[in-house]
Amino acid sequence: MSADTIVNVAKAAWDVFTDDAPSVDIKGSTANAVPKVDDWQDLRGTRGPMWLQQSWQRMCAWPMEDYIVAEFTFVLKWDYGATYHGGGAFIPNIWIEVPHYDIFWGQHVFLSLTVHNPTNASTVPNAPLARVPVTIAGTARNSLRDLHVEWSYNLYGNGRYERT
């Protein structure tokens with residue numbers, strides 16, 4: 001086992017939207033990107049949370065094209081900068097919140113969050129930098145059409161993120 005190897009020892013996936021409302025899973029579901037060692041709970045110096053916000057809207061089809069029939073906002077959050085024995089930059093906690101949603105009758109939204117395998121993004125020996133890909137994806141459905149919706153990000157242990 002080594003601090004240079006980074007793993008997720010929490011959940012790998014959970015529902016964000018089910019039955020057209022935020023899932024109860026988001027209340028207690030978290031992921032992480034921590035060193036593959038027995039005592040990773042001893043991480044120190046955690047900062048954050050960092051966050052990114054994404055909104056989505058579905059407009060009505062004919063005859064009221066300017067009418068919103070489904071919308072939501074999610075906020076992806078993560079703690080960062082945690083060190084192990086004074087080195088590295090790890091992510092001890094990743095979670096999602098849904099502060100706003102409005103889904104009208106006949107519209108259905110299903111979303112889940114998937115945390116892919118974390119890796120070490122550092123090129124400096126003995127200074128691991130956690131990188132974890134996260135995807136929020138699902139379907140917005142009504143009687144006329146199914147739409148695939150998806151957002152993908154790489155979260156880093158130094159607090160940075162990039163959309164992929």
Side-chain angles (χ1 to χ4, degrees), residues 1-18 21-58 70-101 109-141 146-164:
M1 293 187 285
S2 166
D4 290 343
T5 302
I6 299 170
V7 295
N8 175 17
V9 295
K11 289 185 90 168
W14 60 88
D15 290 331
V16 177
F17 262 90
T18 55
S23 168
V24 296
D25 284 353
I26 65 173
K27 296 282 188 208
S29 297
T30 63
N32 55 34
V34 295
K36 188 177 182 179
V37 294
D38 290 335
D39 59 344
W40 68 266
Q41 297 90 341
D42 290 334
L43 294 174
R44 299 283 184 253
T46 301
R47 293 177 282 172
M50 289 298 290
W51 58 274
L52 61 92
Q53 180 173 303
Q54 182 68 52
S55 296
W56 180 85
Q57 294 179 335
R58 184 173 199 166
E71 64 180 329
F72 61 82
T73 299
F74 67 78
V75 181
L76 182 62
K77 294 183 174 184
W78 68 102
D79 293 327
Y80 68 97
T83 61
Y84 178 72
H85 294 290
F90 301 97
I91 302 172
N93 200 15
I94 301 167
W95 69 100
I96 194 166
E97 298 172 356
V98 179
H100 169 77
Y101 72 98
V109 175
F110 307 93
L111 277 182
S112 61
L113 180 144
T114 303
V115 176
H116 307 281
N117 292 329
T119 58
N120 182 354
S122 177
T123 57
V124 179
N126 301 318
L129 173 63
R131 173 180 50 213
V132 60
V134 176
T135 302
I136 297 106
T139 305
R141 179 176 293 150
D146 288 0
L147 293 176
H148 177 74
V149 293
E150 183 171 318
W151 300 269
S152 295
Y153 305 96
N154 281 329
L155 309 180
Y156 291 88
N158 60 5
R160 188 172 67 89
Y161 76 90
E162 61 190 13
R163 186 142 186 199
T164 58

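From a predicted model like this one, the values you see are computed outputs, not experimental measurements. Reckoned from all heavy atoms, side chains included, excluding hydrogens, waters and symmetry mates.
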Which atom pairs, one a donor and one an acceptor, fall under 3.5 Å between side chains of residues 118-131 and the rest of the protein, sequence neighbours left out?
| residue | atom | partner | partner atom | Å |
| --- | --- | --- | --- | --- |
| Thr119 | OG1 | Arg131 | NE | 3.1 |
| Thr119 | OG1 | Arg131 | NH2 | 3.2 |
| Asn120 | OD1 | Ser122 | N | 2.9 |
| Asn120 | OD1 | Leu129 | N | 3.1 |
| Asn120 | ND2 | Asp4 | O | 3.2 |
| Ser122 | OG | Val124 | N | 2.9 |
| Ser122 | OG | Val124 | O | 3.3 |
| Ser122 | OG | Ala127 | O | 2.8 |

**Message:** Run Arg44 and His85 through side-chain contact (heavy atoms from CB on, under 4.5 Å) and show every step you take.
**Reply:** CA-CA 8 Å; Arg44 299 283 184 253; His85 294 290; over 6 Å; no
**Request:** Tell me, with the steps shown, if Ile26 and Trp14 meet side-chain contact (heavy atoms from CB on, under 4.5 Å).
**Result:** CA-CA 7 Å; Ile26 65 173; Trp14 60 88; 4.1 Å; yes
**Request:** Begin from the C-alpha positions of Phe74 and Trp151 and carry the test ring pair (Phe, Tyr, Trp, His ring centres under 6.0 Å) through to its verdict.
**Result:** CA-CA 11 Å; Phe74 67 78; Trp151 300 269; 5.2 Å; yes
**Asked** For Val149 and Leu111, what are the C-alpha separation, side-chain angles and deciding distance, and is it a side-chain contact (heavy atoms from CB on, under 4.5 Å)?
**Response** CA-CA 8 Å; Val149 293; Leu111 277 182; 3.7 Å; yes
**Request:** Start with the C-alpha distance between Ser112 and Val16, add both sets of side-chain angles, then the distance that settles side-chain contact (heavy atoms from CB on, under 4.5 Å), and finish with yes or no.
**Result:** CA-CA 5 Å; Ser112 61; Val16 177; 5.5 Å; no
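Between Tyr101 and Pro22 there is a side-chain heavy-atom pair separated by less than 4.5 Å. Put simply, the side chain of Leu155 reaches to within 4.5 Å of the side chain of Ile94, judged on heavy atoms. For the pair Ile91 and Val132, the minimum side-chain heavy-atom distance is below 4.5 Å. In this structure, the side chains of Ile136 and Leu113 come closer than 4.5 Å at one or more pairs of heavy atoms. Side chains of Leu52 and Trp78 form a contact here, defined as non-hydrogen atoms less than 4.5 Å apart. Here the side chains of Val34 and Ile6 are not in contact, with every heavy-atom distance at 4.5 Å or above. Inter-residue side-chain proximity for Tyr84 and Asp39 is flagged as met; some heavy-atom pair is nearer than 4.5 Å. In this structure the side chain of Phe110 never reaches within 4.5 angstrom of the side chain of Thr18, judged on heavy atoms.
Note on ring orientation: taking the six-membered ring where Trp is involved, the planes of Phe17 and Phe72 are tilted (angle from 30° to 60°).
Tyr80 pairs by the ring-ring contact (aromatic ring centres under 6.0 Å, His included) definition with nothing, not counting sequence neighbours. Not counting sequence neighbours, Tyr153 has no partner by the ring-ring contact (aromatic ring centres under 6.0 Å, His included) test. Applying the side-chain contact (heavy atoms from CB on, under 4.5 Å) rule to Pro92 yields the partners Leu43, Thr46, Asp79, Ala82; only residues at least two apart in sequence or on another chain are considered. In this view, Arg141 and Asp146 satisfy the salt bridge (Lys or Arg N to Asp or Glu O under 4.0 Å) rule, not counting sequence neighbours. Remark: Arg47 engages no residue in a salt bridge (Lys or Arg N to Asp or Glu O under 4.0 Å) (not counting sequence neighbours). Scored by the side-chain contact (heavy atoms from CB on, under 4.5 Å) test, Ala70 finds Trp56, Arg58, Ile103, Gln107 as partners (sequence neighbours excluded). With sequence neighbours left out, the side chain to side chain donor-acceptor pair (under 3.5 Å) criterion links Gln53 to no other residue. By the side chain to side chain donor-acceptor pair (under 3.5 Å) test, Thr30 pairs with no residue at all, sequence neighbours left out. Ser152 is linked by a side chain to side chain donor-acceptor pair (under 3.5 Å) to Thr135, counting only residues two or more places apart in sequence or in another chain. Trp95 is linked by a side chain to side chain donor-acceptor pair (under 3.5 Å) to Glu97, counting only residues two or more places apart in sequence or in another chain.
To the nearest 0.5 Å, atom CH2 of residue Trp51 and atom OH of residue Tyr161 are 8.5 Å apart. In this structure, CD1 on Ile96 lies 10.5 Å from CD on Gln54, to the nearest 0.5 angstrom.
Heavy atoms only, all atoms of each residue included: Lys11 and Ser29 are closest at NZ-OG, 3.2 Å. Of all non-hydrogen atoms in Gly138 and His148, the two that sit nearest each other are O-ND1, 3.3 Å. The nearest pair of heavy atoms linking Val134 to Val115 is CG2-CG2, 4.4 Å.
Sorted by first and then second residue, the salt bridge (Lys or Arg N to Asp or Glu O under 4.0 Å) pairs involving residues 155-164 (not counting sequence neighbours) are Arg160-Glu162.
Counting non-hydrogen atoms of other residues, nucleotides and ligands closer than 6.0 Å to CG of Asp42 gives a total above 12.
Judged by distance alone, the side chain of Asn32 and the main-chain N or O of Val9 form a donor-acceptor pair under 3.5 Å.
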